[in-house]
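What follows is a set of notes on a single structure, which appears directly below.
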Amino acid sequence: MPEEKATNKRVRINLSETAKGLIQFDITAEFESVEETKAALAAAVDAARAVIAEKGLKEVSA
């Protein structure tokens with residue numbers, strides 16, 4: 001039987017509110033290569049920040 005290789009290609013984004021009413025995000029990116037993961041993670045960070053801004057929410061500052 002041929003060996004099957006798992007091909008996880010996904011990005012998960014979670015937004016949550018802190019006790020002070022600020023929004024923070026938690027992002028997981030799973031791809032086969034570091035470069036694919038890096039590109040997907042960068043796009044997800046930009047997308048999360050865009051949603052936070054569109055909704056008029058305030059992001060937790062680093």
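Values below: every heavy atom of this structure, side chains too, minus hydrogens, waters and symmetry copies. If you read the sequence from its start, that first residue is 1, and numbering goes on from there.
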What pairs of donor and acceptor atoms, side-chain ones from residues 47-58 against any protein atom, are under 3.5 angstrom apart with sequence neighbours left out?
from: R49; atom 1: NE; to: E59; atom 2: OE1; distance (Å): 3.3
from: R49; atom 1: NE; to: E59; atom 2: OE2; distance (Å): 3.1
from: R49; atom 1: NH2; to: E59; atom 2: OE2; distance (Å): 3.4

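Within the structure, salt bridge (Lys or Arg N to Asp or Glu O under 4.0 Å) pairs that include any residue of residues 34-44 do not occur (at least two apart or interchain). Within the structure, salt bridge (Lys or Arg N to Asp or Glu O under 4.0 Å) pairs that include any residue of residues 14-26 do not occur (at least two apart or interchain).
Note: N14 CG to I27 CD1 = 10.0 Å, rounded to the nearest 0.5 Å.
Criterion: ILVMFWY side-chain heavy atoms under 4.5 Å apart, direct or through other members. Under it, I13 and V60 are not part of a common hydrophobic cluster.
Between T18 and Q24 the shortest side-chain heavy-atom distance falls below 4.5 Å.
Contacts of R10 classified as side-chain hydrogen bond (donor to acceptor under 3.5 Å, both in side chains), with partners at least two apart in sequence or in another chain: E30.
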